[in-house]
Amino acid sequence: MKKNNTPLIIVWGAAGLSLLAGLLLTVHSLNGISRTQEILLKKANDIRELAGMRSQANRYHALLTAAVQYPAGSIPLETLARTTVPAQSMRLLATDITPSVPGWTAKKVSVEFTDIAGTDLGKLLDAGAIANPPWTLLECTLFAAATPGRVAKATLVFSTVERSSAGN
Amino acid sequence: MNFTTPTGWAHTAYGIDENGGQPILIKAVRRGRSLSFSKADSSETATPAPRTVLAACLFQRESFTRWLTAPIASSRKAATVFHSLLDIQLPFSVEDCEIALLGTMPTDDGTGTRGLVAGARHEDIEKKLEGLAQSGLDPHLLDHESIALWHQSLIEYAPVREESSPRVVIYLGSDRITLVADQSAVFLGALSLRQPEAEAIHRFLKSHFPDVPAITQFLWTGPGATLGTVESLYASLSSRWPGSSKIVHEPETFLARALAGRALTPCPTSCNLRSGLHLHPELARRQEKQPTLWGRACLASGLLLCLVNVVWLAAAQHRISETQASLKALAVEVSGSPRGIQVGQEVLAARRAMDQQTKTMEPFLAAVDGPLRDTLNTILFLATEEGLTIETLTLSRKNGVIHGLAPKFEQGGKLAQRLNGAGWTTSVERKVQPPGEEREAFVIGMERNREKK
């Protein structure tokens, strides 16, 4: 009888252990469901956010790709101003050159105009916009003159980008 | 006392009746929920196929049935005292018997419990088995003749619900007569006779029905239930026991059918007096295996549960890993970082990289995102159109202030509205009019409301 009982004890022992393990695993799995959902949801949100950033990066890449056509260096602002505004009215205040993305530098120029026609200012802005690379207006401060259509004093800050000599 | 268990695992059963030492064999096969019966011969029972059982019975003369009454309302508790009650009633010790409790019911007043037991002495069981062995038969089950006859009569000739008239089943064999009394589908008692004597039958009926009922049903069965024999016997009885008389269908195999059917179909009155010491080796083997089978089933269930959970956990982890890999790849692509990014830091690393990139891209973005030139041109154009005088104008990519004079304050408002539609949020306020100035002074504050990156 003893000989017969031993396999039975082993079978039932193993059955008990496997059922207990199964139950514990089931409890563990059930407890883990909401945590897993939380994790996946967070990662999905992160992926969405990163996808937005990737779109942004792609836009930057497109801008840089378009900028490849710029020649090295830029047309000096004074040269543009010479064709649009009277020379005596312009005074160069400051020039600031800083590195931009690799292979490019950013140039910021501050100029002051005195007693200038509003239309001349407009011509300068248009000429800057179509230059290659373009000169972009960043800031301006205008004080009107007594004469309609004229500006007593105008302080303008322009920026442009220049391909560095190593090329991009 | 044990509740006997039917051989539910079998799908074929042979019912064995005996008539004058000759076996009468009926084969029953389970087909779904129904049984099909056919005659069989002893060559089929010599070596039974797997999942086949042989069912014989102890005749009424070799065994006994008793109704016991315990003054205990609970049937479970009453069952524990039936053994002692039976010992008192039997002329021999109950320890020398195999007993089967076939059912219980409350007493009429509800204070006690009645139990129907069937049993036989060990020596009678052994004698029966030896007798059957000589015919080459080794039955798995030893049913009780009277109980089997009574049960089969209810199956083949179910009483009408409203009918409570007494019924007597009479088995006519060449070497035995068995009487079973029933009323309202309740087994009342049984008797064995050597000869079919009308007087003895009458006394048996009188013992169970002291007041002769208006109608008594007689069901005749057994190999001796021929028309002539039955008519003759019934003629002697019908004057004292009026009612109806019927020979069952195929009376010679009625008991064998009953035994075969009961072996395959569990019922409350299932009875196997070949138990305990006499238990058939195959049943003993199955009983022994049962705990192991159950144990294996539990083990398999436990393992399956473990497996399901492991697979589920692995799948969940895989999903997380996959998502994490996509997240990391995207973060590396956005941040341009060739080195790995710590888990949980992907968005932060990418955001830092993008912020840095946005800073260095400012000059490029300034040229395309809402050029200030357009805003300045709009202001100057509207000023001319509306007759505004711009006294001072301060403008940057993020904000601006316009001090001006207008024939009417509302014209300053129009400028503000136009700037609202060009990506600015504006506020317009009146200023104190300069002395001597007829025009209305205004100030417009501007905030960029759409940062294109």
Side-chain angles (χ1 to χ4, degrees), chain A residues 4 7-8 11-12 14-23 25-26 28-29 32-33 36 39-40 43-44 46-47 49-51 53-54 56-57 59-60 63-64 67 99-101 104 106-108 118 121-122 125-126 128-129 133-134 136-144 148-149 159-161, chain B residues 288 291-292 294-310 312-313 316-317 319-320 323-324 326-327 330-331 333-334 336 346-347 350-351 353-354 357-358 360-368 371-373 376-377 380 384 389-397 404 453:
Chain A
N4 284 340
L8 191 62
V11 167
W12 275 103
L17 284 173
S18 73
L19 280 171
L20 182 64
L23 277 168
L25 276 173
T26 303
H28 176 66
S29 298
I33 286 177
T36 302
I39 292 172
L40 287 172
K43 288 192 191 297
D46 288 349
I47 286 176
E49 194 172 343
L50 287 175
M53 288 186 210
R54 183 171 59 181
Q56 191 182 338
R59 181 166 175 255
Y60 292 174
L63 285 176
L64 288 175
S100 179
V101 295
W104 293 86
K107 193 188 251 184
K108 206 187 276 188
L121 267 181
L125 293 177
D126 289 342
T136 306
L137 180 67
L138 290 185
E139 296 170 27
C140 73
T141 305
L142 304 179
F143 294 92
S159 78
T160 191
V161 288
Chain B
E288 260 185 47
T292 310
W294 276 108
R296 283 185 194 163
C298 288
L299 177 61
S301 304
L303 290 173
L304 184 63
L305 194 57
C306 288
L307 182 65
V308 164
N309 279 291
V310 164
W312 161 258
L313 289 168
Q317 191 53 46
R319 178 87 191 273
I320 290 174
T323 309
Q324 175 59 31
S326 302
L327 179 62
L330 200 47
E333 185 188 337
V334 169
E346 298 87 3
V347 171
R351 205 177 279 147
M354 284 310 300
Q357 206 176 353
T358 300
T360 55
M361 284 294 296
E362 276 283 346
F364 294 87
L365 293 169
V368 295
L372 216 53
R373 177 173 66 90
L376 184 56
N377 280 340
L380 295 176
T384 308
T389 300
I390 305 296
E391 291 184 307
T392 62
L393 164 66
T394 308
L395 198 58
S396 74
R397 281 172 52 77
K453 290 198 174 178

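Not measured: the values here are computed from a predicted model. Here is the naming used below: chain letters follow the sequence lines, and residue numbers restart at 1 for every chain.
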| said: Determine whether B:R397 and B:E362 satisfy the following criterion, side-chain contact (heavy atoms from CB on, under 4.5 Å), listing intermediate values before the conclusion. | reply: CA-CA 11 Å; B:R397 281 172 52 77; B:E362 276 283 346; 4.2 Å; yes
| Of all of B:N309, B:L299, B:V310, which one pairs up most often with chain A through heavy atoms under 4.5 Å apart? |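 Heavy-atom pairs under 4.5 Å are most numerous for B:N309.
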| task | Look at B:I320, B:I390, B:T292, B:N377 and state which one has the largest set of heavy-atom pairs under 4.5 Å with chain A. | result |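 Most heavy-atom pairs under 4.5 Å with chain A: B:I320.
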Where on [X] is there a heavy atom nearer than 4.5 Å to chain A: the side chain, the backbone, both, or neither?
X      : result
B:L327 : both
B:V334 : side chain
B:Q317 : neither
B:E391 : backbone
B:L307 : neither

Give the member of [options] that has the highest number of heavy-atom pairs under 4.5 Å with chain B.
options               : value
A:K43, A:E139, A:K108 : A:K43
A:L23, A:T26, A:T36   : A:T26
A:A14, A:A15, A:G128  : A:A15

Below 4.5 Å from any heavy atom of chain B, which atoms of [X] appear? Answer side chain, backbone, both or neither.
X      : result
A:T136 : side chain
A:A67  : side chain
A:I39  : side chain

| message | Under a 3.5 Å distance rule, please check whether B:T360 uses its side chain to pair with a backbone N or O of A:S100 as donor and acceptor. | response |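 Not confirmed, B:T360 side chain does not pair with A:S100 backbone.
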| field | Donor-acceptor contact present, side-chain A:S159 to main-chain A:K107, <3.5 Å | value | no
| Does a donor on one side chain and an acceptor on the other come within less than 3.5 Å for B:E346 and B:Q324? | yes
